[in-house]
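Quick notes on the structure that follows.
Each chain gets a letter, A, B and so on, in the order its sequence line appears, and its residues count up from 1. Everything numeric here is computed off the predicted structure, so don't read it as measured data.
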Amino acid sequence: MDTGVVALIVCGVYLIATLVMGILPSFRVSKSVTGYVAADRSMNFLVLYFVLGASVFSSFAFLGAPGWAYSRGASAFYILAYGAIGMAPFYFFGPRARRLGERFGFVTQAELLTHRFDSRMVSVLLALVSVGAFIPYLTLQMKGAGYILSTISGGRVSEVMGAAITYSVVMIYVLWSGVLGVGWTNTFQGVFMLVIAWFLGLYLPFKLYGGVRPMFEQLAASEKADMLVVPGLLPDGEPWSWAGFSSAVVVSALGFCMWPHLFMKSYAAKSDRVLRLTVVMYPTFQLFLVPILLIGFSGVLAFPGVEPADTILPYLLTQLELSPLLIGLVCAGALAASMSSGDSILHAGASIGIRDGWAKVSPKPLSDRQEQWAIRGLVVALSAVAFYYAAFSQSSLVDLLLAAYGGVAQIFPLIFAAFYWPRATGKGALAALFGGLVANAIFLWMPELRPWPDVHEGIYGLAVNIPLLIGVSLLTPPDDPETVKAFTEA
Amino acid sequence: MRSGLSFFKPGTSAPARRRRWIFVAIWTMTAAMLMWPIYPRFAGIEPLILGLPLGLVWVIAAILIVFFALLWLYLGEDR
């Protein structure tokens with residue numbers, strides 16, 4: 001049988017298995033919003049581990065990261081660097097958020113901040129940032145899925161069709177089961193991704209160079225040796241500066257556990273211990289980026305000049321004489337990466353948009369049932385918008401996504417102050433968030449205004465954010481002592 | 001109302017506080033390890049360790065340091 005057909009059949013089987021895994025758990029969770037959004041606060045270690053791990057590793061991990069190593073060399077270590085330090089703050093924030101969630105019924109990040117700072121504007125602003133940051137993220141996942149299916153089928157399935165099929169499956173189980181659907185499928189997808197990544201990352205250097213060490217020895221002796229020296233290269237092939245590398249690590253590390261879809265998973269944890277253990281064990285998941293980078297490096301000398309660089313993994317698959325079954329499994333692994341982030345983002349984006357955005361400006365309070373239906377409606381709407389961009393827009397989404405990191409990092413000072421600084425006030429928080437977001441946006445779109453051109457725009461955002469938080473808070477009367485106490489003593 | 005920072009809930013024992021501060025110190029050092037001016041000293045290719053370039057081994061080491069520090073903190077928490 002034709003390689004493409006076998007690979008497509010494997011992917012088809014994988015999609016059906018995911019669909020079944022996604023729908024089954026809906027029979028075990030209550031029909032309330034807490035059930036739909038936070039799994040009745042019942043997730044155990046195994047599920048939470050894969051939900052956190054898999055929602056972080058997306059299409060970017062299977063397509064972007066090898067492409068980055070392939071074209072920009074050591075600059076890809078940045079992805080490992082910010083992950084190394086970015087998750088640890090969640091060890092402290094997560095359990096506090098969980099306890100407060102249980103006490104006050106929060107299921108999103110914005111609800112927590114809105115309660116502490118008594119500000120509807122903070123909530124609406126956070127909802128806008130979240131949904132705004134999620135759309136390019138989701139679009140990237142769809143493009144990745146479409147790309148994989150179209151490559152392995154040799155174009156018989158178009159990219160648009162591939163994205164449509166994959167995300168129909170995602171939409172069905174997200175609509176049906178909410179967060180538990182995400183949890184169970186991510187467990188399945190996570191195991192799958194880990195196995196595939198380690199296998200391929202060790203196999204490709206062995207097949208092409210006789211091992212990992214010979215691969216790097218040959219690279220070090222070649223004219224491309226410079227790319228292996230940190231901080232590597234920029235997309236245009238020029239060396240990346242240390243100011244650029246260091247500031248990008250800071251911004252991404254601070255933004256890391258502030259991503260609303262990640263943060264809100266603290267509410268789904270069964271207990272503080274489960275949540276802490278998940279954060280502790282997270283690096284075991286993260287190290288799977290190492291073989292992923294090896295995949296990219298393995299292409300540098302063997303297959304120079306592949307354009308665009310993000311296609312290096314599928315390109316390698318088509319160039320080497322691999323078994324069609326293996327190709328199918330790798331592609332299913334890449335689909336798993338796309339879907340396991342996509343589902344989490346879709347679910348979080350809709351929950352946040354309704355609960356923190358619409359419900360806060362709607363004149364009438366929503367009933368639990370209305371809210372669930374509104375969330376489901378937004379799941380469909382968000383999918384449609386992202387699909388539109390994936391299918392018809394040529395705008396640079398990677399740029400938008402990187403811009404989103406600078407915006408998301410602006411939430412960090414607010415969360416920190418909510419938990420640890422009793423004197424922080426609602427007006428201070430609002431000024432800080434607004435100022436930080438505006439400064440981030442200005443320096444993103446007008447880089448020529450930056451005092452130090454290499455420094456990441458998120459740093460400038462924080463430089464406006466933090467002084468505003470401190471200054472405005474100290475100039476305004478303290479917030480309600482009871483609320484403050486609930487947070488600082490949680 | 002206090003205007004300073006308040007990191008612990010009332011009743012947190014002195015050893016528990018100390019352990020957390022030790023962790024924060026380790027974490028801060030690890031973060032510094034991954035940036036200018038420390039990382040540039042370990043950013044080269046040679047020596048290859050377990051077949052991997054030094055700059056990559058350095059980041060993996062940082063991940064492992066944070067992992068073991070967190071594990072130590074976790075195992076010391078009150079049950």
Side-chain angles (χ1 to χ4, degrees), chain A residues 74 77-78 80-85 87-89 91-92 96 205 211-217 219-220 225 228-232 241-243 245-247 249-250 253 272-273 276-277 279-284 286-287 290 293-294 416-417 419-423 474 478-479 481 484 488-490, chain B residues 1-12 20-21 23-24 26-79:
Chain A
F77 302 165
Y78 145 79
L80 285 169
Y82 75 77
I85 49 175
M87 195 60 153
Y91 186 89
F92 305 104
R96 256 185 207 240
V212 174
R213 179 181 288 273
M215 175 175 85
F216 280 115
E217 280 169 353
L219 258 174
L228 283 182
V229 179
V230 194
S241 71
W242 275 106
F245 183 90
S246 307
S247 60
V249 169
V250 172
D272 287 358
R273 283 190 73 77
R276 288 205 177 104
L277 185 60
V279 176
V280 173
M281 297 311 288
Y282 171 75
T284 56
Q286 202 208 358
L287 281 175
V290 174
L293 296 183
L294 297 182
F416 185 89
F419 290 152
Y420 304 122
W421 194 37
R423 189 59 184 83
L474 291 177
D479 284 346
V484 171
T488 53
E489 296 184 2
Chain B
M1 185 179 293
R2 295 180 55 168
S3 59
L5 295 169
S6 159
F7 287 111
F8 300 101
K9 58 179 168 182
T12 309
R20 293 196 163 211
W21 283 121
F23 173 78
V24 171
I26 296 172
W27 181 81
T28 310
M29 280 189 291
T30 317
M33 222 177 113
L34 297 172
M35 287 167 212
W36 184 87
I38 299 176
Y39 199 178
R41 293 165 200 280
F42 304 90
I45 307 169
E46 305 286 345
L48 291 179
I49 298 167
L50 296 170
L52 301 173
L54 179 63
L56 178 55
V57 174
W58 190 252
V59 196
I60 296 174
I63 293 175
L64 294 178
I65 291 171
V66 174
F67 171 65
F68 284 111
L70 269 177
L71 190 63
W72 166 76
L73 192 61
Y74 175 77
L75 293 175
E77 299 277 356
D78 300 328
R79 310 251 152 174

Check: Checking B:F42 against chain A: side chain, backbone, both or neither under 4.5 Å from a heavy atom?
Finding: neither

Next item on the list: Measure A:F245 against the heavy atoms of chain B and call it side chain, backbone, both or neither at under 4.5 Å.
Entry: side chain

Margin query: A side-chain contact here means heavy atoms from C-beta on lying under 4.5 Å apart; do B:M35 and A:I85 qualify?
Written below: yes

Next item on the list: Answer whether the closest heavy-atom distance between the side chains of A:Y91 and B:W27 falls below 4.5 Å.
Entry: no

Notebook entry, point to check: Of the backbone (N, CA, C, O) and the side chain (C-beta and beyond), which part of A:A243 lies under 4.5 Å from a heavy atom of chain B, both, or neither?
Noted result: neither

Note to self: Just verifying a value: how many Å separate B:I49 CD1 and A:R213 CZ, rounded to the nearest 0.5 Å?
What the structure shows: 9.0 Å

Margin query: With rounding to the nearest 0.5 angstrom, report the CG to CZ distance, B:L5 to A:R423.
Written below: 13.0 Å

Check: Is B:L73 close to A:F92 at the side-chain level, that is, under 4.5 Å between some pair of heavy atoms?
Finding: yes

Checklist line | Closest heavy-atom pair and its distance - A:R96, B:K9 | finding: NH2-N, 4.2 Å

Notebook entry, point to check: Is any side-chain heavy atom of B:L52 closer than 4.5 Å to a side-chain heavy atom of A:L294?
Noted result: yes

Margin query: Looking at every non-hydrogen atom in both residues, tell me the closest pair between A:V230 and B:G55 and how far apart they are.
Written below: CG2-CA, 3.8 Å

Item checked: Heavy-atom proximity to chain A below 4.5 Å, by part of B:L54 -> neither

Notebook entry, point to check: Do you know the tightest heavy-atom contact between B:W36 and A:S246?
Noted result: N-OG, 3.1 Å

Check: Is it the backbone or the side chain of A:V290 that comes under 4.5 Å from a heavy atom of chain B, or both, or neither?
Finding: side chain

Check: Going by the angle between their ring planes, with limits at 30° and 60°, are B:F7 and A:F416 parallel, tilted or perpendicular?
Finding: perpendicular

Notebook entry, point to check: Which answer fits A:L287, side chain, backbone, both or neither, if we ask what part of it has an atom under 4.5 Å from a heavy atom of chain B?
Noted result: side chain

Item checked: Residue selection (most heavy-atom pairs with chain A, distance under 4.5 Å) from B:T30, B:T12, B:I45, B:V24 -> B:I45

Next item on the list: Please look at A:L219 and chain B and tell me whether the side chain, the backbone, both or neither of the residue comes under 4.5 angstrom of a heavy atom of that chain.
Entry: neither

Notebook entry, point to check: Does any non-hydrogen side-chain atom of B:Y74 lie less than 4.5 Å from one of A:M281?
Noted result: no

Checklist line | Pairwise distance CD1(B:I60) to CZ(A:F77) - rounded to 0.5 angstrom | finding: 8.0 Å

Next item on the list: Determine the minimum heavy-atom distance between B:G51 and A:F216, stating which atoms define it.
Entry: O-CD1, 3.1 Å

Check: What part of A:P89 is in contact with chain B, defined as an atom under 4.5 angstrom from a non-hydrogen atom: side chain, backbone, both or neither?
Finding: side chain

Next item on the list: Sort out for me which of B:A62, B:P40, B:P10, B:G44 touches chain A most, counting heavy-atom pairs under 4.5 Å.
Entry: B:P40

Check: Measuring heavy-atom distances to chain A, does B:I65 have an atom under 4.5 Å in its side chain, in its backbone, in both, or in neither?
Finding: neither

Check: What part of A:A74 lies closer than 4.5 angstrom to a heavy atom of chain B: side chain, backbone, both or neither?
Finding: neither

Note to self: Is any side-chain heavy atom of B:L56 closer than 4.5 Å to one of A:L80?
What the structure shows: yes

